[in-house]
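Just so we're on the same page: letters track the sequence lines, and every chain starts at 1.
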Protein chains: 2
Amino acid sequence: MSASPELDAYDRAILAILQRDNTTPQRVIGERVNLSAPAVQRRIRRMEETGVIRANVALVDPARVGHPITIFVEVEVESERAELIDAAKRGFAAVPEVQQCYYVTGEADFILVVTVASMADYEALTRRLFFADNNVKRFRTFVAMDRVKVGLEVSLA
Amino acid sequence: MSASPELDAYDRAILAILQRDNTTPQRVIGERVNLSAPAVQRRIRRMEETGVIRANVALVDPARVGHPITIFVEVEVESERAELIDAAKRGFAAVPEVQQCYYVTGEADFILVVTVASMADYEALTRRLFFADNNVKRFRTFVAMDRVKVGLEVSLA
DNA sequence: GTTCCAAACGAAACAAACTTGCATTTCAAC
DNA sequence: GTTGAAATGCAAGTTTGTTTCGTTTGGAAC
């Protein structure tokens with residue numbers, strides 16, 4: 001899971017395809033990158049084992065499963081004592097509505113991406129998550145009007 | 001792609017599995033949700049056709065492909081004229097390093113998630129993206145120290 | 001309660017994709 | 001050149017995905 005045996009151009013080409021559609025048959029991938037299907041398969045397996053590929057998932061449209069609202073939250077904490085920060089990380093990560101959580105530098109300490117069914121639900125969430133937590137000094141809310149670009153694709157250029 | 005024939009408990013159970021691992025065999029899914037493999041298959045295909053499932057992708061660890069730095073950027077524009085906003089959307093979305101882009105309400109107009117190889121690269125990106133654009137009034141940078149929770153999973157509770 | 005229809009289901013046959021074993025090739029170090 | 005480790009392609013074998021088809025289910029109209 002740790003060794004980084006260096007990715008070559010084949011690996012990158014395969015990743016570029018899988019990042020967009022991991023249902024692409026290995027035979028087709030092989031044709032596009034000029035390798036046989038077994039070679040492709042072995043490279044994929046190796047990248048999965050070494051953690052280059054972290055997961056294979058279906059991307060679901062939040063609006064179609066009852067979460068039409070996406071919200072960004074900047075959270076500022078009172079104390080940055082390590083154990084309090086760790087507790088905050090665990091707390092945020094455990095909430096299903098919190099889709100993403102980052103610990104950041106700058107004018108905020110955490111940035112969260114949240115999906116909810118309604119603003120009322122968001123309001124209830126802020127109560128549970130921020131107002132009930134003594135270590136949260138302040139938070140700022142940004143409601144997404146347009147999800148211009150959504151994904152976790154990484155540039156391989 | 002538009003009709004919403006309402007998802008039932010089976011569909012949700014299937015989605016919950018696919019959101020975490022879309023390589024799970026249909027038979028296994030069937031066993032877990034109490035359906036036959038063909039039934040599972042038909043439901044998945046329907047959800048793909050109707051857009052509930054937007055894509056099937058491999059999630060790649062950015063650090064392992066040369067992009068160890070994740071950055072949030074709040075962008076504030078001068079004018080919110082529709083055509084300028086649309087131009088900004090297209091411009092941001094076209095940049096490979098811009099992994100996510102949202103048009104938001106609040107103290108900023110856009111929030112970007114960017115992955116880069118180095119701060120020097122980020123500096124170069126800001127030059128191209130913000131300083132060269134007359135409509136960008138100001139931007140704020142938040143560098144991720146810890147990617148506490150990363151994903152696009154949607155709560156189905 | 002019965003009839004009818006459309007939608008969804010399961011079992012089995014079928015097709016496609018994945019996986020493994022093995023001989024060959026590649027390439028760098030000697 | 002020779003050697004050895006690593007990767008490759010081919011072909012066989014296995015698993016998974018897909019289609020067919022007859023049956024069941026769940027309503028709506030009667």
**Study point:** Side chain to side chain, A/V150 and A/L59, heavy atoms closer than 4.5 Å
**Key:** no

Review point. Between B/N134 and B/E78, is any pair of side-chain heavy atoms under 4.5 Å apart?
Key: no

Point to revise | Near-strand residues of residues 26-34 of chain B, defined as heavy-atom separation under 4.0 angstrom from DNA chain C | key: none

Point to revise | Nearest-Å distance for atom pair CG/P, residues A/L35 and D/dA6 | key: 19 Å

Please indicate whether [X] has more than 12 foreign heavy atoms, meaning atoms of other residues, nucleotides or ligands, lying under 6.0 Å from its [atom1].
X	atom1	value
A/R138	CZ	no
B/R128	CZ	yes
A/R54	CZ	no

Between [X] and [Y] (salt bridge meaning N to carboxylate O under 4.0 Å), is one present in this structure?
X	Y	result
B/E31	B/R27	no
A/D109	A/K137	no
A/R147	A/D61	no

Revision key, fill the gap. For DNA chain C, the expected dot-bracket line (Watson-Crick or G-U under 3.5 Å, [ ] crossing, | inter-strand) is ||||||||||||||||||||||||||||||

Exercise for review: Report the C-alpha distance between B/E6 and B/D11 in whole Å, list the side-chain angles of each, state the deciding distance to 0.1 Å, and finish with yes or no for side chain to side chain contact (heavy atoms under 4.5 Å, CB included).
Suggested key: CA-CA 9 Å; B/E6 201 69 29; B/D11 291 323; over 6 Å; no

Review point. Which word best sums up how the rings of B/F110 and B/F92 line up, parallel for under 30°, tilted for 30 to 60°, or perpendicular for over 60°?
Key: perpendicular

Practice item. Decide yes or no on side chain to side chain contact (heavy atoms under 4.5 Å, CB included) for B/L129 and B/V73, but give the supporting numbers first. Key: CA-CA 11 Å; B/L129 227 46; B/V73 194; over 6 Å; no

Review point. So, do A/F139 and A/F131 have ring centers that fall under 6.0 Å from each other?
Key: yes

Review point. Reading nucleotides 19-24 of chain D from the 5' end, what letters show protein touch, with B for base, S for backbone sugar-phosphate only, - for no heavy atom under 4.0 Å?
Key: BB----

Practice item. With a 4.0 angstrom cut-off to heavy atoms of chain A, pull out the first and last contacting nucleotide of DNA chain C, in 5'-to-3' order. Key: C/dA17 to C/dG21

Check your understanding: What pair of heavy atoms forms the shortest contact from B/N22 to B/V57, and how long is it?
Key -> ND2-N, 4.1 Å

Check your understanding: Tell me, which of residues 10-19 of chain B have any heavy atom that sits under 4.0 Å from an atom in DNA chain D?
Key -> none

Exercise for review: Look at the side chain of A/K89 and the backbone N and O of B/V148, then say whether any donor-acceptor pair between them is shorter than 3.5 Å.
Suggested key: no

Review point. Taking only residues two or more places apart in sequence or in another chain, which ones pass ring pair (Phe, Tyr, Trp, His ring centres under 6.0 Å) with A/F142?
Key: none

